[in-house]
Amino acid sequence: MAFWLLKTEPETWSWESQVKRGAKGEPWSGVRNYQARLNLRAMKKGERAFFYHSGEARAVVGIVEVAKEAYPDHSAEKGDWSMVDVVAVEPFRIPVTLADVKAAAMLCEMVLVKNTRLSVQPVTDAEWKLVCKMGGLKTK
DNA sequence: GCCAACGTTGGC
DNA sequence: GCCAACGTTGGC
């Protein structure tokens with residue numbers, strides 16, 4: 001069971017928009033980076049990901065679940081790109097900001113810190129647990 | 001608004 | 001295949 005982190009600009013696609021989609025979920029389209037594509041394609045149905053707001057907010061705000069595994073990105077005019085469908089699972093009670101992540105010794109190796117520009121990232125089990133806890137969620 | 005980091009493109 | 005130039009992302 002792997003964990004992930006999905007980055008989005010809230011002006012483009014926010015947690016609120018994701019929640020409004022409900023159980024139908026939403027295709028995570030528009031990824032145009034090979035490393036991110038690799039991660040998208042490694043995602044399995046039922047795996048979970050942090051939903052991260054970049055830009056102004058800079059915080060993990062909730063958790064989504066993969067509802068459909070990688071399939072061709074319909075927004076790609078050319079090239080071989082993939083997307084997955086994700087469904088909102090649970091909001092964080094307390095958003096975990098980038099500053100919080102950087103301040104936590106255990107999290108200083110997170111891809112979020114090390115490779116800030118990667119939009120689809122793997123998260124380790126230990127990181128997952130801690131960030132959930134910081135967000136005010138019971139870890140499962 | 002600026003700049004650093006990274007990825008992509010194109011000339012050689 | 002190398003590398004400089006350029007564009008984009010995202011934090012500050």
Side-chain angles (χ1 to χ4, degrees):
Chain A
M1 186 75 164
F3 295 107
W4 308 96
L5 182 146
L6 296 171
K7 214 159 33 178
T8 177
E9 296 217 22
E11 291 78 15
T12 309
W13 184 253
S14 69
W15 174 252
E16 287 70 31
S17 335
Q18 184 70 51
V19 168
K20 276 186 200 150
R21 282 289 183 274
K24 290 201 302 277
E26 178 75 7
W28 202 264
S29 63
V31 172
R32 298 291 181 271
N33 169 283
Y34 292 110
Q35 205 181 339
R37 185 182 75 177
L38 202 70
N39 291 331
L40 280 177
R41 290 179 178 175
M43 290 181 175
K44 299 285 177 233
K45 188 174 177 180
E47 287 184 342
R48 297 192 164 187
F50 288 136
F51 194 103
Y52 177 83
H53 278 168
S54 65
E56 280 294 299
R58 268 169 283 132
V60 178
V61 291
I63 290 172
V64 292
E65 185 170 303
V66 177
K68 185 176 179 182
E69 292 178 16
Y71 60 107
D73 185 338
H74 53 49
S75 75
E77 285 175 16
K78 55 178 180 178
D80 173 28
W81 298 106
S82 296
M83 60 185 184
V84 298
D85 287 0
V86 294
V87 173
V89 174
E90 193 175 13
F92 272 17
R93 286 207 303 113
I94 315 149
V96 176
T97 66
L98 182 62
D100 293 336
V101 169
K102 286 184 170 172
M106 270 184 66
L107 299 177
C108 65
E109 291 295 313
M110 271 189 86
V111 181
L112 189 63
V113 179
K114 292 279 169 175
N115 185 358
T116 54
R117 297 188 46 191
L118 186 60
S119 61
V120 183
Q121 315 177 351
V123 172
T124 68
D125 291 9
E127 291 162 355
W128 182 268
K129 276 184 115 172
L130 182 56
V131 174
C132 283
K133 195 176 162 194
M134 288 163 72
L137 301 186
K138 293 204 177 74
T139 42
K140 40 158 283 172

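Chain identifiers are assigned alphabetically (A, B, ...) following the order of the sequence lines, protein sequences preceding nucleic acid strands; residue numbering begins at 1 within each chain.
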Rounded to whole angstrom units, what separation is found between the CH2 atom of A:Trp13 and the P atom of C:dT9?
-> 19 Å

Taken to the nearest whole Å, CH2/A:Trp81 to C1'/B:dT8 is 11 Å

Taken to the nearest whole Å, CZ/A:Arg37 to P/B:dG7 is 14 Å

Over how many whole Å does the gap from A:Gln35 atom CD to C:dT9 atom P extend?
-> 16 Å

May I ask you to check whether A:Tyr34 and A:Trp81 place their ring centres under 6.0 Å from each other?
-> yes

Measure the distance from NZ on A:Lys114 to P on B:dA4 and round it to the nearest whole Å.
-> 19 Å

Taking atom P of C:dT9 as reference, at what distance in whole Å does atom CG of A:Leu6 sit?
-> 17 Å

N/O to N/O distances under 3.5 Å, protein versus nucleotides 10-12 of chain C:
| unit_1 | atom_1 | unit_2 | atom_2 | d |
| --- | --- | --- | --- | --- |
| C:dG10 | OP1 | A:Lys7 | NZ | 3.4 |
| C:dG11 | OP1 | A:Tyr52 | OH | 3.1 |
| C:dG11 | OP2 | A:Gly55 | N | 3.3 |
| C:dC12 | OP1 | A:Lys102 | NZ | 2.6 |

Report whether A:Val87 and A:Phe51 are members of the same hydrophobic cluster (ILVMFWY, side-chain heavy atoms less than 4.5 Å apart, transitive linking).
-> no

Please determine if A:Asp73 and A:Arg32 form a salt bridge, counting it only when a charged side-chain N lies under 4.0 Å from a carboxylate O.
-> yes

Look up atom OG1 in A:Thr116 and atom CG in A:Leu98, then write down how far apart they are to the nearest 0.5 Å.
-> 8.5 Å

What residue among A:Leu38, A:Leu6, A:Leu5 forms side chain to side chain contact (heavy atoms under 4.5 Å, CB included) with A:Val120?
-> A:Leu6

Do you know which two heavy atoms are closest between A:Asn33 and A:Ala36, and how far apart they sit?
-> OD1-N, 2.9 Å

